[in-house]
Asker: 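Can you read through this structure? Questions will come right after.
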Protein chains: 2
Amino acid sequence: MDERKLKGVEAVLEEGSFSAAAERLHCTQSAVTQMMNAVESELGVRILERTHRGVSLTREGRELEVYMQNALDSLVFLREAAERIAKRNEETIRVGTFSSIAFRWMPVIIERYQEVAPEAAFDIVIGTTSLKRKLELGEIDVALGDERIRSVRWTRLFEDPYYILVPEKLIDRIGTPEKQRMMHEMMEQRKAAGVWTPVPDLFVTKADIAEVPFISATMDDFAELNVRDVSNVITIASDEDKVLMSMAARGLGVCAMPEFNLTEMPADLIAVPYRPEVGRVIGISRPRKSRRAVEQFVTYLEKYYREMEMRQREESVIQEES
Amino acid sequence: MDERKLKGVEAVLEEGSFSAAAERLHCTQSAVTQMMNAVESELGVRILERTHRGVSLTREGRELEVYMQNALDSLVFLREAAERIAKRNEETIRVGTFSSIAFRWMPVIIERYQEVAPEAAFDIVIGTTSLKRKLELGEIDVALGDERIRSVRWTRLFEDPYYILVPEKLIDRIGTPEKQRMMHEMMEQRKAAGVWTPVPDLFVTKADIAEVPFISATMDDFAELNVRDVSNVITIASDEDKVLMSMAARGLGVCAMPEFNLTEMPADLIAVPYRPEVGRVIGISRPRKSRRAVEQFVTYLEKYYREMEMRQREESVIQEES
DNA sequence: ACGTTTTACGAAACTCGTAAAGATA
DNA sequence: TATCTTTACGAGTTTCGTAAAACGT
């Protein structure tokens, strides 16, 4: 006995005839006859009294009516609950990303995206190198991070330039006296205003920081590519950049950090751009084929960052002109 | 979603594996796999987490578990209720019979039969000539009455001899003075003792009652066959023999009544055997094929009345010998 | 290698539409 | 006759068993 048959009985009783029920059920009247015969055969009881002027319940049918109604209701409840869950799953985007992105970026992204797609829900999975495998196993819908997690389909979002984080104690051991002056000035400003404003023409190079210890996290691709040959490297077994920052703030050394991660930089550190400019590329990896909700989310992010980059370019043009 | 599938899910969860569930469900493990796939496909949600060491519910499965349990329960309730009703119907014997038999005989029969088959239930349908049609339409299982309702299969039970019911007022206009004396004597006894005991050698013939009015019901086969040519017939449009008896008791005439119907005869009437002996044959009509319960009932009645007739025959032999 | 699940495939059963037949006012 | 239900039949679908393959320890 399934929902279809019970709905059939319900339709027959409410319409009062097989032909009217057939119309309601969008099938032939013959199918209704056969369905009702099947129901009675399955129950082993004749429940319908067929007359020329309509169909009514037999005594046995009346006795079973409440049981049939209950069964129909519970089957509908089950189906509707499953539909809700399926819809929810359909609209839940499982995002795999680094912990820093998860904490600093995802809340903003989700808040913004809710305005566009209010029904969207997110599952955030934290990971580093495991994300690529999870993506391929279908455990997450998209991976959000740098090129290390690049997989089948890659959508570039923006480039995140690296900065060197310098504690006050080490300023005088970095770069030229002119640079040291500008860094001290920047540090004064930071301590006074709490904010951190970039200074034009201030940057550091590999040579500038060669004399101070470099604090590097394991799996840090900036260190891999840019300072692997410096002598004085302190390697910290942590992916958590706050750990690196507090190490640097204590004056143990300098560290590199993408601009993106600077929002919670301690007040006793300044961030100086690194030259030649190098940045990690932030983008989205996803399988060749994704659900509608996932595609929509990726498209939104792509558009959002394209527009942001254009705004920044316009601003820099204006700055250069002034 | 039907009971089979929900039972399958239940078995899988309780056994913790597809193969163990297959064993419990008496089917192949392949069938279980396919059934579970069908369930998940129908729900649109993956509810089972299959691992090498067993099967468990996914988060979605846990959310749906209570709905599935409810649906399964309500389907089981429906099926069991239907089974109870089917069994009850299977053991309900629909007996069609005359009102007099229904009131006088059926209660005794049912009471006796319950001792043999306690599960037996009866539906009594009152009718006269309509019983034959009802039997042929399957509305009743057996018809119990005289030969007028004889149909496909007829089982004779016993012969019910006719008596002539005589009120005190008319005794002196019936038969010979000797018979009149015996009738007066019988009437005294009846008035005194309340009971009515037969008197040997007392009977009446057609000629004996020719001088008094004969009260006949419509459809009365005794009247049809035996006194249709007497001049003074009062026809009463009633099948209810109590009506006839009270008419006779008031002295309007005599009437004929099968012995079987005499149990509630008014105290101011006596019943005198009619000669030549004539009686209606009481038996059972039923279709060529009946349910087990019906056959059992008919067999019981047949046996019961065969034994009763044998007892009566033995008694009459003893009486003759004494 | 072993135990478990999945897949391919074919036979049997089920479902339903078409069309004809039955039944009833 | 007109309307409603039942029945016969055939095409499409579902179900399930056999057997082989895939998968994880």
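Just so it is clear, the structure is predicted and the values come from calculations on it, not from any experiment.
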Asker: Could you tell me how far apart M36(A) (CE) and dC14(C) (P) are, to the nearest whole angstrom?
Answerer: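 Rounded to the whole Å, the gap is 17 Å.
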
Asker: Between the main-chain N or O of Q29(B) and the side-chain N or O of S19(B), is there a donor-acceptor pair closer than 3.5 Å?
Answerer: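 Checked: no pair found.
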
Asker: Measure the distance from CD on E49(B) to C1' on dT6(C) and round it to the nearest whole Å.
Answerer: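 About 16 Å, once rounded to whole Å.
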
Asker: Quick one, T58(A) and L48(A) - any side-chain contact, counting heavy atoms below 4.5 Å?
Answerer: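 Of all side-chain heavy-atom pairs linking L48(A) with T58(A), none is under 4.5 Å.
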
Asker: Any idea which heavy atoms bring V142(B) and R286(B) closest together, and the distance?
Answerer: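 Closest pair (atom of V142(B), atom of R286(B), distance): CG1-CB, 3.8 Å.
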
Asker: If I take atom CD in residue E23(B) and atom P in nucleotide dG17(D), what distance separates them, rounded to the nearest angstrom?
Answerer: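 Checked: the CD to P distance equals 14 Å.
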
Asker: Do nucleotides 1-12 of chain D as a string where each nucleotide becomes B, S or -: B if the base has a protein heavy atom under 4.0 Å, S if just the sugar-phosphate does, - if no protein is that close.
Answerer: ---SBBBB----

Asker: Which whole-number value in Å describes the distance from H26(A) NE2 to dG17(C) P?
Answerer: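 Going from H26(A) (NE2) to dG17(C) (P), I get 12 Å.
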
Asker: Quick one: which of E83(B), E91(B), E90(B) gives a side chain to side chain donor-acceptor pair (under 3.5 Å) with K87(B)?
Answerer: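 Going through E83(B), E91(B), E90(B) one by one, the side chain to side chain donor-acceptor pair (under 3.5 Å) with K87(B) is satisfied by E91(B) alone.
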
Asker: Separation of R4(A) atom CZ from dT14(D) atom P, in whole Å?
Answerer: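 Interatomic distance, CZ of R4(A) to P of dT14(D): 11 Å.
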
Asker: Expressed in angstrom and rounded to an integer, what is the separation of D2(B) atom CG from dT14(D) atom P?
Answerer: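 Distance check: D2(B) CG to dT14(D) P gives 14 Å.
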
Asker: Is the shortest side-chain heavy-atom distance between R291(A) and D141(A) below 4.5 Å?
Answerer: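 Yes, their side chains come closer than 4.5 Å.
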
Asker: Can you confirm whether or not the ring centre of Y67(B) sits under 6.0 Å from the ring centre of F77(A)?
Answerer: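 When the ring centroids of Y67(B) and F77(A) are compared, they turn out to be at least 6.0 Å apart.
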
